2 protein chains.
Amino acid sequence: MDKTENWMTIGQVARSAGAKVQTVRYYEEIGLLPPAPRTAGGQRLYDEVARKRLAFIRHARGLGFPLEAVRELLRLADHPEAPCDEADLIAARQLEAVEQRIAQLLSLRHELGRMLDHCQGDRVARCRVIETLADHSLCAEAEHLGAGL
Amino acid sequence: MDKTENWMTIGQVARSAGAKVQTVRYYEEIGLLPPAPRTAGGQRLYDEVARKRLAFIRHARGLGFPLEAVRELLRLADHPEAPCDEADLIAARQLEAVEQRIAQLLSLRHELGRMLDHCQGDRVARCRVIETLADHSLCAEAEHLGAGL
DNA sequence: CCTTGAAGCTACAGTCACTGTAGGGATTAG
DNA sequence: CTAATCCCTACAGTGACTGTAGCTTCAAGG
Ligand SMILES: [Zn+2]
Ligand SMILES: [Zn+2]
Ligand SMILES: [Zn+2]
Ligand SMILES: [Zn+2]
């Protein structure tokens, strides 16, 4: 009944979802958002449906889902009659990835804490931080092979 | 006393440090490793000093230090008489970054677990995973604004 | 109607730390 | 001598944006 389209500009829709303007354009470019209709002057316009879609994407990204998973979740959300096994599987895989990452980071925290605890704050020649980095056998147990935060 | 240089190829030194050959060349390119001496045919050669330097880099990377921090740690390791405050500060900052990341991921784990626990595994129309992504007010408390794993 | 300033447009480069590929040359064991 | 394995350079691609330059459009005030 409410056909009064309440158009928003890209800046408004971006703010409403906590995204940057460039990010919204990027999502359109890679096909996560449909091409937005434009004003006569070529500026993008967004309605409530588009705003919700953007909010969905940002929420999923905030929970760490990679964009390909978000793409799949959007596709599923567009088919409400399909069974939800696939959506649950994607979320379960994401949970597993988060748990693995947590385990890895707990191990890194342990090693970093140990390094700092053992250092007497003397010269570099006797710095436990430098010594440990030069000799993995000073580490407690961790494998810390995968890199990055 | 041991001047018998025991040269390794790039493949050998990479394997010994758990790195790929391209990664070793990349470290040389960005100046983390000094330019390696070459054979007459132009192939790189590595000695024990270079092997240790590469192992140091990989160990630091394995503990999550960004390359710029590794660069600084290497610079400090080359000056054994300097005080070790700087090295300890870099490690402390890394520890703090790891702790922040852990806190964030624990919150994500909580939300993902909640989503999955509440879903009855019906149609997408009633899938708690999709519902939650569409409506952040179904989340417990977390801000999950920063993205990515 | 005109001006001004904010916001929008495209196109492209840069981030981080690699990884992969194409198209060749070097080295070594048989 | 040949075949297999390694190595070389140079460059493109990854993920998910972010920043910049140089322009155009829009809304509001005078
Ligand atoms: Zn120290
Ligand atoms: Zn270690
Ligand atoms: Zn479900
Ligand atoms: Zn939420």
Side-chain angles (χ1 to χ4, degrees), chain A residues 7-33 35-46 50 54 56-74 94 97 101 104 144-149, chain B residues 7-33 35-46 50 54 56-74 94 97 101 104 144-149:
Chain A
W7 295 111
M8 282 173 281
T9 67
I10 196 172
Q12 288 165 342
V13 81
R15 255 194 314 283
S16 85
K20 308 223 163 176
V21 166
Q22 294 102 307
T23 305
V24 178
R25 288 196 284 246
Y26 171 70
Y27 289 158
E28 179 180 318
E29 188 182 314
I30 64 171
L32 280 186
L33 291 173
R38 308 284 188 121
T39 66
Q43 307 201 351
R44 289 174 181 80
L45 292 174
Y46 297 87
L54 177 60
F56 185 105
I57 296 171
R58 291 309 293 173
H59 197 196
R61 289 291 302 128
L63 288 162
F65 289 93
L67 281 184
E68 277 317 299
V70 178
R71 195 188 293 278
E72 189 64 17
L73 289 165
L74 282 168
Q94 176 64 12
R101 200 82 186 91
Q104 193 182 13
H144 40 257
L145 298 173
L149 270 202
Chain B
W7 295 111
M8 282 172 281
T9 67
I10 195 171
Q12 288 166 341
V13 80
R15 255 193 314 282
S16 86
K20 307 224 162 178
V21 166
Q22 293 103 306
T23 305
V24 179
R25 288 196 285 246
Y26 171 70
Y27 289 158
E28 179 181 319
E29 189 182 315
I30 64 172
L32 281 186
L33 292 173
R38 309 283 189 121
T39 66
Q43 306 203 351
R44 289 172 181 82
L45 292 174
Y46 296 87
L54 177 60
F56 186 105
I57 296 170
R58 292 309 293 174
H59 197 197
R61 288 291 302 128
L63 288 163
F65 289 93
L67 282 183
E68 277 317 298
V70 177
R71 194 188 294 279
E72 189 64 15
L73 289 165
L74 283 168
Q94 176 64 13
R101 199 82 185 93
Q104 193 182 10
H144 40 255
L145 299 171
L149 270 202

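Throughout, protein chains are lettered first and strands after them, A, B, ... in sequence-line order, and every chain is numbered starting at 1. For clarity, every value in this text was computed on a predicted model and none was experimentally measured.
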Give the rounded distance in Å between these two atoms: [atom1] of [X] and [atom2] of [N].
X: A:Gln22; N: C:dA11; atom1: CD; atom2: C1'; answer: 13 Å
X: B:Leu54; N: C:dC18; atom1: CG; atom2: C1'; answer: 14 Å
X: B:Leu67; N: C:dT15; atom1: CG; atom2: P; answer: 13 Å
X: A:Tyr26; N: D:dG15; atom1: OH; atom2: C1'; answer: 6 Å
X: A:Glu29; N: C:dA13; atom1: CD; atom2: C1'; answer: 13 Å
X: A:Trp7; N: C:dA7; atom1: CH2; atom2: P; answer: 22 Å
X: A:Ile57; N: D:dC17; atom1: CD1; atom2: P; answer: 10 Å
X: B:Leu32; N: C:dC16; atom1: CG; atom2: C1'; answer: 13 Å

Problem set entry | For the student: nearest non-hydrogen atoms of A:Leu63 and A:Gln94, plus distance | O-NE2, 3.2 Å

Seminar exercise, completed: Between B:Leu33 and B:Leu54 the two heavy atoms that sit nearest each other are CD2-N, 4.1 Å

For this session: Examine the base of D:dG15 for any acceptor or donor lying under 3.5 Å from a partner atom in the side chain of A:Glu68, and report the outcome as yes or no.
Result: no

Any side-chain N or O of [X] below 4.0 angstrom from OP1/OP2 of [N]?
X: A:Thr39; N: D:dC26; answer: yes
X: A:Thr23; N: D:dT18; answer: yes
X: B:Tyr27; N: C:dA17; answer: no
X: A:Arg38; N: D:dC26; answer: no
X: B:Lys20; N: C:dA17; answer: no

For this session: Starting at NE2 of B:His144, measure out to CD of B:Gln104 and round the result to the nearest 0.5 Å.
Result: 10.5 Å

Sequence neighbours excluded and cut-off under 3.5 Å, please list the side-chain donor-acceptor pairs for residues 12-27 of chain B, or say none.
residue, atom, partner, partner atom, Å
B:Gln12, OE1, B:Thr9, N, 3.0
B:Ser16, OG, B:Val13, O, 2.9
B:Tyr27, OH, B:Arg58, NH1, 2.7

Pull out every protein N or O sitting under 3.5 Å from an N or O of nucleotides 3-7 of chain D, one pair per line with the distance.
residue, atom, partner, partner atom, Å
D:dC7, OP1, B:Thr9, OG1, 2.7
D:dC7, OP1, B:Gly11, N, 2.7

Problem set entry | Evaluation steps, side-chain contact (heavy atoms from CB on, under 4.5 Å), between B:Gln43 and B:Ile10 | CA-CA 8 Å; B:Gln43 306 203 351; B:Ile10 195 171; over 6 Å; no

Problem set entry | Pairwise side-chain hydrogen bond (donor to acceptor under 3.5 Å, both in side chains) hits with a residue in residues 63-72 of chain A, at least two apart | A:Glu68-A:Arg71, A:Glu72-A:Arg75

For this session: Apply the test side-chain contact (heavy atoms from CB on, under 4.5 Å) to residues A:Thr39 and A:Trp7: give CA-CA distance (whole Å), side-chain angles for both, the deciding distance (0.1 Å), then the verdict.
Result: CA-CA 10 Å; A:Thr39 66; A:Trp7 295 111; over 6 Å; no

